[in-house]
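A, B, ... follow the sequence lines: proteins, then strands. Residue 1 opens every chain. Predicted model only: the values in this text are computed from it and were never measured.
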Amino acid sequence: MLFSKLLIPTLKEAPQEAEIVSHKLMLRAGMIRKVASGVYTWLPLGLKVLRKVEGEVRTAMNNAGAQEVLMPMVQPKELWNETNRWEKMGKELLRFRDRHDRDFCLGPTHEEVITDLIRNNVRSYKELPINAYQIQTKFRDEIRPRYGVMRSREFIMKDAYSFSVNEKCLDESYINMRNAYKQILQNIGLDFKIVKADSGAIGGDASEEFHVLAENGEDTIAISTNSEFAINTELLLEEGEDIKSLEGKDSPDGKGIMQIKKGIEVGHIFKLGQVYSNDMNASVQSQEGRSSTLYMGCYGIGVSRIVAAAIEQNNDEKGIVWPVSIAPFDVNIIAIGFDKNEKVANAATDLYEKLSNQGYDVILDDRKAGFGAKIKDSELIGIPMNIIIGKLYVEKNEIEMRTRDGQISLVQIDDLEVIFNHFK
RNA sequence: CGGGGUAUAGCGCAGUCUGGUAGCGCACUCGCUUUGGGAGCGAGUGGUCGUAAGUUCGAAUCUUACUACCCCGACCA
């Protein structure tokens with residue numbers, strides 16, 4: 001793609017509305033723009049990252065045997081009445097009426113809709129387990145939207161729902177999703193912890209949260225230095241624990257000592273058991289020929305929140321430092337004097353095509369701007385690799401390869417193998 | 001909803017106390033010169049000062065009401 005043709009309105013200064021680093025950088029890099037409080041437009045650059053995160057999630061879900069569906073954002077009151085949640089939910093459930101005066105809401109989650117689908121279309125235990133997921137826009141009328149896309153009212157979530165005949169099978173589905181979530185965050189390249197959590201309003205037996213560790217995290221978690229043990233301090237507070245005195249104590253599992261960290265909750269998995277399937281009469285015929293109420297699990301990942309969390313964890317004074325897996329582009333070819341110097345333009349275009357043909361996601365900065373402006377933008381946007389074609393090339397056929405973290409090497413432009421090797 | 005704050009050009013800000021008809025930097029447009037760390041010179045464009053009402057000869061500035069947005073708390077992917 002040509003930089004000059006893409007809408008990438010970068011800013012030198014962060015708008016006053018932004019408080020935390022990820023929000024500032026997303027605005028400055030031209031990834032998002034606010035439409036209303038907690039409601040954002042994703043511009044081309046932001047959308048590219050969002051799509052890459054979606055891709056990582058989708059791949060891992062499919063590999064785990066889940067199947068993709070797409071449910072409506074608009075849901076009828078009748079379904080929510082079945083679980084009594086129309087009454088139970090507060091104002092975060094945005095309700096409205098259609099022209100026939102029928103009540104609807106914007107879906108903050110989809111237990112009712114998916115359970116309705118399964119109960120109407122699955123008859124036998126032989127068809128189970130089923131795990132259906134979607135990647136979709138959710139709306140929660142949050143009391144206080146905050147920090148840009150980190151806690152917005154409208155956001156993209158991957159939500160998966162598993163249906164099993166018995167508790168043991170639910171456990172298997174749960175572990176399966178737990179592993180898939182680990183895989184997703186590892187593949188993206190984020191530092192995270194799995195944390196025991198309060199199962200909260202959604203209800204059910206057990207739940208764990210996936211937290212990306214970052215200083216601006218909204219949650220406080222207690223983790224062990226030497227094991228997987230981690231717990232949300234909200235749970236400890238309920239038990240009357242004094243959080244501050246925990247730091248430095250032995251971990252309850254005997255391995256390592258406790259540390260208090262800040263985390264961003266990007267995923268949450270629940271064993272729901274039969275809460276919703278009881279309310280909604282979701283059952284199948286069991287092996288014994290009797291009606292058997294389904295066991296459910298639900299598994300959420302905040303796709304748009306991961307974008308913000310990744311920035312929160314990976315940035316420096318110059319801008320964003322994307323993990324390669326979700327960077328908007330793999331390479332930026334910075335062509336200095338593209339509009340004036342034919343030799344530069346030809347070489348840049350030629351290299352652009354060669355790299356694209358190799359399957360790299362490449363952008364060519366063909367703008368009429370100086371080196372300083374171009375490299376600053378590239379650093380702000382966080383593209384992992386820059387290839388600079390300028391004076392050195394004109395004089396000595398050399399191009400400069402420069403990573404986002406500042407490692408520089410000079411390469412002959414015809415040395416394609418050497419160039420490609422830099423991407424490994 | 002409770003507490004705190006902000007609102008002047010696309011972004012960052014000054015002007016408000018002490019009323020006199022709006023300014024700076026960046027960005028943007030045109031021209032020429034530039035092109036390896038956000039280029040220079042020259043000439044320009046852009047604002048019913050958040051909205052409404054009031055006080056006044058006169059309001060960005062004073063008064064009142066409203067709205068939007070941000071921050072701290074309860075909610076959550």
Legend entry - d(CD1, A:I156; P, B:A77) in whole Å: 16 Å
Inset, instruction - Answer with base, sugar-phosphate or nothing: what part of the nucleic acid does A:A369 contact at a heavy-atom distance below 4.0 Å? - result: base
Inset, instruction - State the pairing partner of B:U6; accept Watson-Crick or G-U wobble contacts with both distances under 3.5 Å, and report none otherwise. - result: B:A68
Inset, instruction - Could you tell me whether A:L392 contacts a base, only the sugar-phosphate backbone, or nothing, with contacts defined as non-hydrogen atoms closer than 4.0 Å? - result: base
Inset, instruction - Measure from the ring center of A:F270 to the ring center of A:H268 and say whether it is less than 6.0 Å. - result: yes
Legend entry - Rounded interatomic separation in angstrom, taking CG from A:L94 and P from B:C75: 20 Å
Legend entry - Options B:A77, B:G38, B:G73, nucleotide nearest the side-chain atoms of A:A373: B:G38
Legend entry - Stretch residues 66-73 of chain A: residues that reach within less than 4.0 Å of RNA chain B through a heavy atom: none
Inset, instruction - Would you classify A:I388 as touching base, sugar-phosphate or nothing, given that sugar-phosphate means primed atoms plus P, OP1 and OP2, and contacts are heavy atoms under 4.0 Å? - result: base
Inset, instruction - Determine the contact category for A:G390: base if any of its heavy atoms lies under 4.0 Å from a base atom, sugar-phosphate if only primed atoms, P, OP1 or OP2 are that close, otherwise nothing. - result: base
Inset, instruction - Classify the nucleic acid contact of A:E398 as base, sugar-phosphate or nothing, counting any heavy atom under 4.0 Å across all strands shown. - result: nothing
Inset, instruction - Looking at every strand, decide which applies to A:D377 at a 4.0 Å heavy-atom threshold: base, sugar-phosphate, or nothing. - result: base
Inset, instruction - Identify, between A:E218 and A:H23, the residue whose nearest nucleotide on RNA chain B lies closer to the 5' end. - result: A:H23
Legend entry - Quiz item: A:K368 side-chain donor-acceptor pair to B:U35 base, under 3.5 Å: no
Inset, instruction - Mind checking A:G302 for me? I need base, sugar-phosphate or nothing, with any heavy atom below 4.0 Å counting as a touch. - result: base
Inset, instruction - Provide the distance between the two C1' atoms, one in B:U8 and one in B:A60, to the nearest whole Å. - result: 7 Å
Inset, instruction - Please work out if A:Q16 contacts a base, only the sugar-phosphate, or nothing of the nucleic acid, heavy-atom cut-off 4.0 Å. - result: sugar-phosphate
Legend entry - Single hit among A:R178, A:K196, A:K193, A:K271 for side chain to side chain donor-acceptor pair (under 3.5 Å) with A:E208: A:R178
Inset, instruction - Please state whether the base of B:C75 and the side chain of A:R151 form at least one donor-acceptor pair under 3.5 Å? - result: yes
Inset, instruction - Compute whether any side-chain donor of one residue and acceptor of the other, for A:E209 and A:N232, lie under 3.5 angstrom apart. - result: yes
Legend entry - Between A:K52 and A:S325, a side-chain donor and acceptor under 3.5 Å: no
Inset, instruction - For B:U16 and B:G50, measure between their P atoms and round to the nearest Å. - result: 15 Å
Legend entry - Nearest to side-chain heavy atoms of A:D339, which nucleotide of B:U35, B:G38, B:C70: B:U35
Legend entry - Distance, rounded to the nearest Å, where A:E19 contributes CD and B:G5 contributes P: 16 Å
Legend entry - With sequence neighbours excluded, residues passing side-chain hydrogen bond (donor to acceptor under 3.5 Å, both in side chains) with A:Y181: A:K158
Legend entry - Donor-acceptor under 3.5 Å (A:K34 side chain, A:E17 main chain): no
Inset, instruction - Mind calculating the distance between CZ (A:R85) and C1' (B:C76) to the nearest angstrom? - result: 13 Å
Legend entry - Separation of atom CZ in A:R146 from atom P in B:C75, rounded to whole Å: 11 Å
Inset, instruction - Tell me what A:R367 touches on the nucleic acid: a base, only sugar-phosphate, or nothing, going by heavy atoms under 4.0 Å. - result: nothing
Inset, instruction - Please give the nucleotide sitting opposite B:G42 as a Watson-Crick or G-U wobble pair, both distances under 3.5 Å, or none. - result: B:C30
Legend entry - Nearest-angstrom distance, C1' atom, B:A9 to B:C13: 12 Å
Legend entry - Watson-Crick or G-U wobble partner of B:G47, both distances under 3.5 Å: none
Legend entry - Donor + acceptor pair across side chains of A:D350, A:N346 (<3.5 Å): no
Inset, instruction - List the steps and the verdict of side-chain hydrogen bond (donor to acceptor under 3.5 Å, both in side chains) for A:T83 and A:E112. - result: CA-CA 8 Å; A:T83 56; A:E112 282 80 1; 2.6 Å; yes
Inset, instruction - Could you check whether A:E17 gets within reach of a base, just the sugar-phosphate, or nothing at all, counting any heavy atom under 4.0 Å? - result: sugar-phosphate
Inset, instruction - Give the minimum heavy-atom separation between A:S277 and A:M296, together with the two atoms involved. - result: N-SD, 4.2 Å
Inset, instruction - Remember a base hit wins even if backbone is also touched, and classify A:Y299 as base, sugar-phosphate or nothing at under 4.0 Å, heavy atoms. - result: nothing
Inset, instruction - Write down the distance separating the C1' atoms in B:G40 and B:C26, rounded off to the nearest Å. - result: 16 Å
Inset, instruction - Please state whether the base of B:C76 and the side chain of A:R153 form at least one donor-acceptor pair under 3.5 Å? - result: no
Inset, instruction - Quick one: label A:S378 by what it contacts on the DNA or RNA (base, sugar-phosphate, nothing), any heavy atom closer than 4.0 Å. - result: nothing
Legend entry - Flag for A:D159-A:Q134: side-chain donor and acceptor within less than 3.5 Å: yes
Legend entry - Gap in Å between the two P atoms, one belonging to B:U45 and one to B:A68, rounded: 36 Å
Inset, instruction - Take atom P in B:G12 and the same atom in B:C71, then report the distance between them in whole Å. - result: 14 Å
Inset, instruction - Check whether the side chains of A:K343 and A:N397 place a donor and an acceptor atom closer than 3.5 Å, and report yes or no. - result: yes
Inset, instruction - Measure from the side chain of A:E13, starting at C-beta and using heavy atoms only, and say which of B:C11, B:A74, B:C69 lies closest. - result: B:C11
Legend entry - Touch class at under 4.0 angstrom, heavy-atom based, for A:K34 against every strand present: sugar-phosphate
Inset, instruction - Indicate whether any N or O donor in one side chain lies under 3.5 Å from an N or O acceptor in the other, for A:S162 and A:Y299. - result: yes
Produce the list of close N/O pairs, under 3.5 Å, pairing protein atoms with atoms of nucleotides 27-31 of chain B; give distances to one decimal.
none

Legend entry - Test item: side-chain donor near acceptor, A:N62 and A:Y133, under 3.5 Å: yes
Legend entry - Whichever of A:I408 and A:G267 has its nearest RNA chain B nucleotide further upstream toward 5': A:I408
Legend entry - B:C62 pairs with, by Watson-Crick or G-U criteria that keep both distances under 3.5 Å: B:G54
Inset, instruction - Could you work out which one of B:A77, B:G25, B:C69 sits closest to the side chain of A:R305? - result: B:A77
Legend entry - Side chain of A:I143 (C-beta onward), nearest among B:C72, B:A77, B:C1: B:C1
Legend entry - B:G23 - base-pair partner by Watson-Crick or wobble geometry, distances under 3.5 Å: B:C13
Legend entry - C1' atoms of B:G20 and B:C32, separation to the nearest Å: 42 Å
Legend entry - Watson-Crick or G-U wobble partner of B:G73, both distances under 3.5 Å: B:C1
Legend entry - Check: A:Y276/A:N278 side-chain N/O donor and acceptor closer than 3.5 Å: no
Inset, instruction - Please report, rounded to the nearest Å, how far the P atom of B:C76 is from the CG atom of A:N232. - result: 11 Å
Inset, instruction - Could you give the distance separating B:G44 and B:U63 at their P atoms, to the nearest angstrom? - result: 40 Å
Inset, instruction - Quick one: label A:K374 by what it contacts on the DNA or RNA (base, sugar-phosphate, nothing), any heavy atom closer than 4.0 Å. - result: nothing
Legend entry - Distance in angstrom units between A:E209 CD and B:C75 P, rounded: 12 Å
Inset, instruction - Let me know the distance between CD1 of A:I336 and C1' of B:A39, rounded to the nearest Å. - result: 13 Å
